[in-house]
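Letters A, B, ... mirror the listed sequences (proteins, then strands); counts begin at 1.
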Amino acid sequence: MSASDRILVQRLEKLQELRRQGVEPYTNKFFPTHRVNEVINRYGALSGPELEKLNSTFRMAGRLVLQRHFGKATFCHFQDESGRLQAYVQRQVVGEEAFSLFKKLDLGDFVGFEGTLFRTRTQELTLAVTSFVLLTKSLRPLPEKYHGLVDMEVRYRQRYLDLITNPEVRQVFLSRTRIIALIRHFLESRGFLEVETPMMQPLPGGAAARPFVTHHHALDMKLYLRIAPELYLKRLVIGGFERVFEINRNFRNEGLSILHNPEFTMLEFYQAYATYEDLINLTEELFGYVARELLGTLRLTYQGQAIDLSPPWQRLDLRESLTQLGNIPANVVYDKTALLALAKKEGVILRPGEGYGRALTKLFDLLVEAKLVQPTFILGYPTETSPLSRRNDDNPEVVDRFELFIAGREMANAFSELNDPLDQRERFVKQMEAHTSGDLEAHPLDEDFLTALEYGMPPTAGEGIGIDRLVMLFTDSPSIRDVILFPQLRPER
RNA sequence: GGGCCGUUAACUCAGUCGGUAGAGUAUCUGCCUUUUAAGCAGAGAGUCGUUGGUUCGAAUCCAACACGGCCCA
């Protein structure tokens, strides 16, 4: 029998023994009067004598995480959602029978306490227990009390153990929730309406990515998990909702990495009568708002790099970035034939139909992206790789679009929306040609969306911000798996 | 898909030159009424990721595979 089996057997025996003694190991209806942080915040500053004068009792509950037994007394720490507190259980106070029961409890058990507050010799705020009740018997041992749980695989597969053991992990997910709440508040205060659009779509549009496919039996039709909500949000702008946003999951059928999880959370928002230049300002303000509210400062450290979110952020043309940071001579960058040759030399594989524009963005990914540590808007994206963006009025070869880079990675993508239905149709047709020649990520032609556009969409700008990467930035997390509660893993064997 | 690293008790980790498995925590027993990773004494606990190979002998060397991590595509 393995050690873990033996512990399980031991505890099952304990469970039976408790029941024989008339102790219910899964007691219901214990209602705490205080949580740990309330007690610490309200009484943490009081002296021992002041605590005694309080003369009030506290009902508290939590999971046993540490215990130190003596012959006739026990110190233990229990933790609830808000924190950890020490409790002191004495035989002469709770009685002989109850005390021997308490000594039999295991780390991991949930216990309800009633008692008064005092200070120990070392001045630790402690609950002097007058009575207690076992609320939930735990049958499996917790990870080690000092080193905690370290094994990455177990931390991801059994996140609850990670959360019980590692307080900094709890903090990351509390921050994640707070960041999302702040973004909601920011957008709502500017008149944006939060909406929900289909996760299951008959055509996967709004981005360049391979989708997950599923099947609806009753309708006997193929459905795709969405890769982006974009085309549905624009339909809502057409329908008269002038400012909309959605924070929800996207699904992309691609490999796993430190930056990629197949399902991830995206913010997309659309603002009628705005241009991508308005969104530059809005983005600076949004990041600034989140940083000030969450961190109290616009300066943060990500993985050892100092990052300053103070506006205005640098703006750089895509092709200029290739000369300035990618060290590609200007005469190569602006010469289509020379650039294509360079791209080939750098290992970029271009499919039929892909040309200069694709080569530019690929070379940017390879040579420039990682160098953009401070927030930088890259402008001047080629029309060829932006099938949903409005062409620039002066130069139809590029679109009114930016991508935002911080800490060497893409954080946002925004553009003035293409609202000319005839141009949009042409772009879709080009994408279909790319698809035919083997680009599995090419955008499908969405006839239903074109119909909507033909009714007329006001001039609009839209943006997408990857929430997981944003949370990584603000919580200094190295991997996307650190900010997703249950990241995708291979199945265990 | 390729490269590198890791996988030993429930947890955190040692394990030398190939000689047959160790510590701390946790658990169990005993002592202990102000401890703080409490302490002291004792006990139990292992498919050394899996499968093959080399060898008199493999946690250790070799190969394949699985899972995880990092880097690259």
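- Among the atoms of the strands shown, only primed sugar atoms or phosphate atoms (P, OP1, OP2) are found under 4.0 Å from some heavy atom of L489(A).
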Polar-atom pairs under 3.5 Å, protein N or O versus N or O of nucleotides 27-31 of chain B: list them with distances, or write none.
| from | atom 1 | to | atom 2 | distance (Å) |
| --- | --- | --- | --- | --- |
| rU27(B) | O2' | Q10(A) | OE1 | 2.3 |
| rU27(B) | O2' | Q10(A) | NE2 | 3.3 |
| rC28(B) | OP1 | K14(A) | NZ | 2.6 |

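- Residue contacts shown for F118(A) include a base, since a base heavy atom lies under 4.0 Å away.
- Nucleic acid contact class of K72(A) (heavy atoms, under 4.0 Å, all strands): base.
- Evaluation of atom-type donor-acceptor distances gives no pair under 3.5 Å for the side chain of E153(A) against the base of rG69(B).
- Nucleic acid contact class of R157(A) (heavy atoms, under 4.0 Å, all strands): sugar-phosphate only.
- Salt-bridge check for R176(A) with D468(A): passed, with a basic side-chain N closer than 4.0 Å to an acidic carboxylate O.
- When the P atom of rC70(B) is taken as reference, atom CG of D151(A) falls 13 Å away, rounded to whole Å.
- Contact annotation for R490(A): backbone-only contact, meaning every heavy-atom pair under 4.0 Å involves sugar-phosphate atoms and none involves a base.
- Residue contacts for L161(A): at a heavy-atom cut-off of 4.0 Å it reaches no nucleic acid atom on any strand shown.
- At a threshold of 4.0 angstrom between heavy atoms, the contacts of G255(A) with the nucleic acid are absent.
- Taking the charged nitrogens against the carboxylate oxygens, R155(A) and E153(A) have no contact shorter than 4.0 Å, which rules out a salt bridge.
- Pairs of Watson-Crick or G-U wobble type, with distances under 3.5 Å, assemble into runs of 3 or more in RNA chain B at these ranges: B:1-7 with B:66-72, B:10-13 with B:22-25, B:27-31 with B:39-43, B:49-53 with B:61-65.
- One can place CG of L8(A) at 18 Å from P of rA9(B), the figure rounded to the nearest angstrom.
- Across all strands shown, R481(A) has heavy atoms under 4.0 Å from sugar-phosphate atoms exclusively, and none from any base.
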